[in-house]
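Since the structure comes first, as structure tokens, the remarks are kept for the end.
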Amino acid sequence: MSDAPFPTLPTGWEPTRATLHVYSRAIGALPQVHVPKHDRWWHISLKPLPIGLVTEPMGLPDGSSIFARLDLRTHEVVLESSDGQALRWDMRSGRTGTEMTEALIEALASRGLEGEYVRKDFENDEPTSYDEAAATSFWRALTSAGQVFSTHRAAIGGEVGPVQLWPHGFDLAFEWFGTKTQEHEEHGETKRLAAQLNLGFYPAGDAYFYSNPWPFDAGALLGKPLPDGARWMTADAGGFDGTSLPYSAVAGDPAGAERVAAYAMAVFELAAPTLTE
């Protein structure tokens, strides 16, 4: 095995990524119903742990708790409770996203948890396929990204969110919050939100790392030098307002973790002053 923290993702790994994406939406549908709502939606995210991508725990009527996970070591979707009971579904079985979610909902109902699920968030009847080697490469890349993010998160201080994978987009990220605020419309409601800077990893297509300040002060930021391989992006050019670093720029590089860390810190040092009062 290469010493590089970020392996080259297999050329044909997209079907496996798509399967992991729909299965992450499957397990993410459960805490949306059974975990108290967090105002930043952290209750529906998956946390990267050594045992896999894990939901928030959900309370059971008998006083125990239960959580779901994508276990990329055993290649299973697992529903496990604090009393030691576990149900497992093989991710190589070809179940659609809809079938996987309905199996999970039925299993929760057997433990006394029922609710109104948001079906549009998980229904997907496309065939699935899964390659163990591709999934293992991805898990190694995601684990390395999570370690870099956690180290960076501790270094920058201030108010920060958890490192988490978002089921709807299938990207790993965390946010740092500035002291400025700005009005933002969400679901028809105008809110005043804290300025923020994220750091993330998006594995689909031409995979990349990103770090994007909001609000984006183009006059203060565009054109400022970034580490080798990284570049500024703008929504006007068909992308997003922020920065990106191609995953290919660090894949296979023994110094890949250091390069991602340097990229993250460079963007933070440039953007943070624009997000604080």
Side-chain angles (χ1 to χ4, degrees), residues 5-7 9 13-14 17-18 20-21 24-25 28 38 40-49 52-54 70 72 137-178 184 186 193-216 221 226-227 229-235 238-251 256-272 274-275:
F6 296 108
L9 296 174
W13 103 281
E14 173 56 28
R17 187 213 63 80
L20 289 169
H21 191 172
S24 73
R25 291 172 71 99
H38 190 283
R40 288 174 172 151
W41 291 92
W42 294 347
H43 63 294
I44 68 167
S45 67
L46 310 181
K47 309 309 185 289
L49 299 177
L53 292 166
V54 181
L70 301 186
L72 283 94
S137 291
F138 164 70
W139 183 232
R140 186 172 159 212
L142 196 79
T143 300
S144 293
Q147 290 174 345
V148 173
F149 292 4
S150 293
T151 300
H152 178 69
R153 177 178 177 271
I156 58 179
E159 184 185 358
V160 292
V163 177
Q164 51 197 336
L165 184 132
W166 294 103
H168 59 284
F170 202 63
D171 55 330
L172 183 76
F174 82 93
E175 298 88 24
W176 172 88
F177 297 96
H184 175 72
E186 186 176 276
L193 303 179
Q196 59 187 263
L197 174 65
N198 59 24
L199 175 64
F201 169 50
Y202 182 67
D206 294 326
Y208 58 89
F209 297 94
Y210 61 84
S211 187
N212 308 327
W214 179 87
F216 184 65
L221 296 173
L226 294 170
R231 65 190 180 109
W232 291 102
M233 310 282 289
T234 63
F240 50 79
D241 290 330
T243 68
S244 71
L245 174 68
Y247 182 82
S248 60
V250 300
E258 289 80 2
R259 291 183 61 190
V260 174
Y263 157 69
M265 187 57 74
V267 177
F268 176 78
E269 290 177 345
L270 290 169
T274 73
L275 305 174

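Counting only heavy atoms from C-beta outward, the side chains of Pro246 and Asp206 never approach each other to under 4.5 Å. Counting heavy atoms from C-beta outward, Tyr210 and Asp171 have side chains that approach closer than 4.5 Å. Residues Glu175 and Gln164 meet the side-chain proximity criterion, which asks for heavy atoms closer than 4.5 Å. Considering only heavy atoms from C-beta on, Leu46 comes within 4.5 Å of Pro167 through its side chain. With a 4.5 Å cut-off on side-chain heavy atoms, Trp166 and Trp41 count as touching. Looking only at side-chain heavy atoms (C-beta outward), Ser24 and Leu53 stay at 4.5 Å or farther from each other. No side-chain heavy atom of Tyr263 sits less than 4.5 Å from a side-chain heavy atom of Phe268. With a 4.5 Å cut-off on side-chain heavy atoms, Thr243 and Leu270 do not count as touching.
Between the His38 side chain and the His43 main chain, no donor and acceptor come within less than 3.5 Å of each other. Using modelled atom types, one side-chain atom of Ser45 and one backbone atom of Trp42 make a donor-acceptor pair closer than 3.5 Å. Judged by distance alone, with hydrogens and angles left aside, the side-chain atoms of Arg17 form no donor-acceptor pair with the main-chain N or O of Gly205 at under 3.5 Å. Put simply, the side chain of Asp241 gets close to the backbone of Ala235: a donor and an acceptor are under 3.5 Å apart. Looking at Ser150, its side chain never comes within 3.5 Å of a backbone N or O of Gln147 through a donor-acceptor pair.
The distance from the CG atom of Leu72 to the CG atom of Leu20 is 5.5 Å, given to the nearest 0.5 Å. Here the CG-NE2 distance, from Leu70 to His21, works out to 11.0 Å after rounding to the nearest 0.5 Å. A distance of 10.0 Å separates CG in Leu49 from OG1 in Thr143, rounded to the nearest 0.5 Å. Rounding to the nearest 0.5 angstrom, the gap separating the OG atom in Ser211 from the CE atom in Met233 is 13.0 Å. Atom CZ in Phe240 sits 10.0 Å away from atom OG1 in Thr234 (nearest 0.5 Å).
A pairwise comparison of heavy atoms in Trp176 and Ala272 identifies CH2-CB, 3.9 Å as the closest pair. The minimum heavy-atom distance linking Gly178 with Ala194 is given by the pair O-CB, 4.0 Å. Residues Arg140 and Pro7 share a closest heavy-atom pair of NH1-CB, 3.8 Å. Asn198 approaches Asn212 most closely through the heavy-atom pair OD1-N, 2.7 Å. Across every non-hydrogen atom of His152 and Phe174, the tightest pair is CD2-CZ, 3.8 Å. Shown here for Gly229 and Leu245, the closest heavy-atom pair between the two residues is C-CD1, 3.7 Å.
With Phe177 as the aromatic partner, Arg40 meets the cation-pi criteria of under 6.0 angstrom to the ring centre and within 45 degrees of the ring axis.
Aromatic ring centres of Tyr247 and Tyr208 lie farther apart than the 6.0 Å criterion allows. Residues Phe6 and Phe201 place their aromatic rings such that the two centres sit no closer than 6.0 Å. Side-chain rings of Phe138 and Phe170 approach one another, their centers coming within less than 6.0 Å.
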